[in-house]
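Each remark here refers to the structure printed beneath this line.
Naming convention: chains lettered A, B, ... in sequence-line order (proteins, then strands); numbering from 1 in each chain.
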Amino acid sequence: MPEVLEVEAYRALAEQAGLGRTIASVEAPDSWYLKRGLTASQLQVLVGGHFEAARRLGKLLLLDTRLASGAEGPVLGLRFGMSGRLVVDGRVGTGPLWHSPRGCLPRYERFAVVFADGGHLGISDPRRLGGVEVEPSEARVGFDAATLTPGQLARALSTSRAPLKARLMDQARVAGIGNLIADEVLWRAGLAPSRPAGSLSPAELRRLHRHLRAALAQMGARGGSHTGDLMAHRTPGGRCPRDGQPLQRDRVGGRTTWWCPAHQR
DNA sequence: CCGGATGTTCACCT
DNA sequence: GAGGTGAACATCCG
């Protein structure tokens, strides 16, 4: 699930409910979930400290920490993969948009911090595709999709012969756009997913930027990445809700892509 | 039973 | 160097 909209909801939840609470223990039962050599014992440094801020870069949730000593602690980086959710005191960051209530079973909790007040903040991730790291490289993350300017979009796409959709989903270029948002935005903007990214005219670039902003705002208000106008039609036999033409299913950038050859050029 | 799923990384090709 | 492909991760769903 998590694209920029979901991770932003997780960030808001962490900020609203997770800051300033004393950390009593860190539970990392799944060593595979700890990335870049991070170990459970290294995380024990957080005990007695607290989270000081919740930030987001693309799909990466960053938790700034303060140690018990008062010194600045490490930055915790949380990734959610396809099926990960942030859970704070039993509350899920995005409310009702998760389709399977079973995704929250205790056995799917891959990482958690238990607070001294008895509450907790954790990641529930059935498919185990997310992960936790310390001091993630913030410099390697591209322009954030939620605040992307027209100039940044132009820079992210310019001169590339890679498919437009692949470039939009390249987290080192534009951070936060996943498969569903990419299909939705390209459909709204009337641009074919396989167009070379660097081939867009200035007018097309402006159009893409406008539709990206509008789609994120609308889908955010509706409740997430799966609430786009194209979503219900991404299925065999599906037709374009704009012009009724059969949608085409392809593979672009390694991901299943649904698009309308009639109006996406 | 099989295929596919809102993601990332890596090895291995062209 | 730039891109593409397939595998890996683990579970659920149609």
For residues 47-83 of chain A, which residue pairs pass the ring pair (Phe, Tyr, Trp, His ring centres under 6.0 Å) check, not counting sequence neighbours?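 Pairs touching residues 47-83 of chain A that pass the test: A/Tyr10-A/Phe80.
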
Which residues within residues 208-218 of chain A lie with some heavy atom under 4.0 Å of an atom in DNA chain C?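 Contacts with DNA chain C under 4.0 Å: none.
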
Strand-adjacent residues in residues 155-169 of chain A, judged by heavy atoms under 4.0 Å from DNA chain C: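 Those residues whose heavy atoms fall under 4.0 Å from DNA chain C, taken from residues 155-169 of chain A in numerical order, are A/Ser160, A/Arg161, A/Ala162, A/Pro163, A/Arg167.
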
Has [X] got a side-chain N or O lying under 4.0 Å from the OP1 or OP2 atom of [N]?
| X | N | result |
| --- | --- | --- |
| A/Arg255 | B/dT6 | yes |
| A/Arg110 | C/dC9 | no |
| A/Arg127 | C/dC12 | no |

More than 12 heavy atoms of other residues, nucleotides or ligands under 6.0 Å from [atom1] of [X]: yes or no?
| X | atom1 | answer |
| --- | --- | --- |
| A/Arg36 | CZ | no |
| A/Glu72 | CD | no |
| A/Arg155 | CZ | yes |

[X] side chain to [Y] side chain, donor-acceptor N/O pair below 3.5 angstrom:
| X | Y | answer |
| --- | --- | --- |
| A/Lys165 | A/Thr257 | yes |
| A/Glu6 | A/Ser225 | yes |
| A/Arg188 | A/Gln264 | no |

Whole-angstrom distance between B/dT6 and C/dG3, as gauged at atom C1':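 Between the two C1' atoms, the distance is 24 Å.
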
Could you tell me how far B/dT8 sits from C/dG1 if I compare only their P atoms? Round to whole Å.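 Straight-line distance between the two P atoms is 24 Å.
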
Just how far, in rounded Å, is [atom2] of [N] from [atom1] of [X]?
| X | N | atom1 | atom2 | result |
| --- | --- | --- | --- | --- |
| A/Arg234 | C/dG14 | CZ | C1' | 16 Å |
| A/Trp32 | B/dT8 | CH2 | P | 13 Å |
| A/Asp30 | C/dC9 | CG | P | 13 Å |
| A/Leu78 | B/dT8 | CG | P | 14 Å |
| A/Asp250 | C/dG4 | CG | P | 13 Å |
| A/Arg251 | B/dG7 | CZ | C1' | 13 Å |
| A/Arg79 | B/dT6 | CZ | P | 18 Å |
| A/Leu180 | B/dT6 | CG | P | 6 Å |

May I ask you to decide whether A/Arg55 forms a salt bridge with A/Glu15, counting only side-chain N to carboxylate O separations under 4.0 Å?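 A/Glu15 and A/Arg55: not salt-bridged.
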
Is A/Asp144 salt-bridged to A/Arg56, going by a charged N under 4.0 Å from an acidic O?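 The answer is yes: the pair qualifies as a salt bridge.
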
Counting C-beta onward and ignoring hydrogens, is there a side-chain heavy-atom pair between A/Leu180 and A/Asp183 closer than 4.5 Å?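 In short, these two side chains do not touch, never coming nearer than 4.5 Å.
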
Apply side-chain contact (heavy atoms from CB on, under 4.5 Å) to A/Pro261 and list each qualifying residue two or more places apart in sequence or on a separate chain.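 Here the qualifying residues are A/Gln248, A/Trp259.
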
With A/Asp30 via side chain to side chain donor-acceptor pair (under 3.5 Å) - residues at least two apart: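 A/Asp30: side chain to side chain donor-acceptor pair (under 3.5 Å) contacts with A/Arg128.
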
Of the listed nucleotides (B/dA5, B/dT6, B/dT8), which one gets closest to any side-chain atom of A/Arg249?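 Closest nucleotide among those given: B/dA5.
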
Which of the following nucleotides, C/dC12, B/dG7, B/dA5, is nearest to the side chain of A/Tyr108?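 Closest nucleotide among those given: C/dC12.
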
Where DNA chain C forms stems, i.e. three or more consecutive Watson-Crick or G-U pairs with both distances under 3.5 Å: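 Expected stems, ordered by start: B:2-5 with C:11-14, B:7-14 with C:2-9.
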
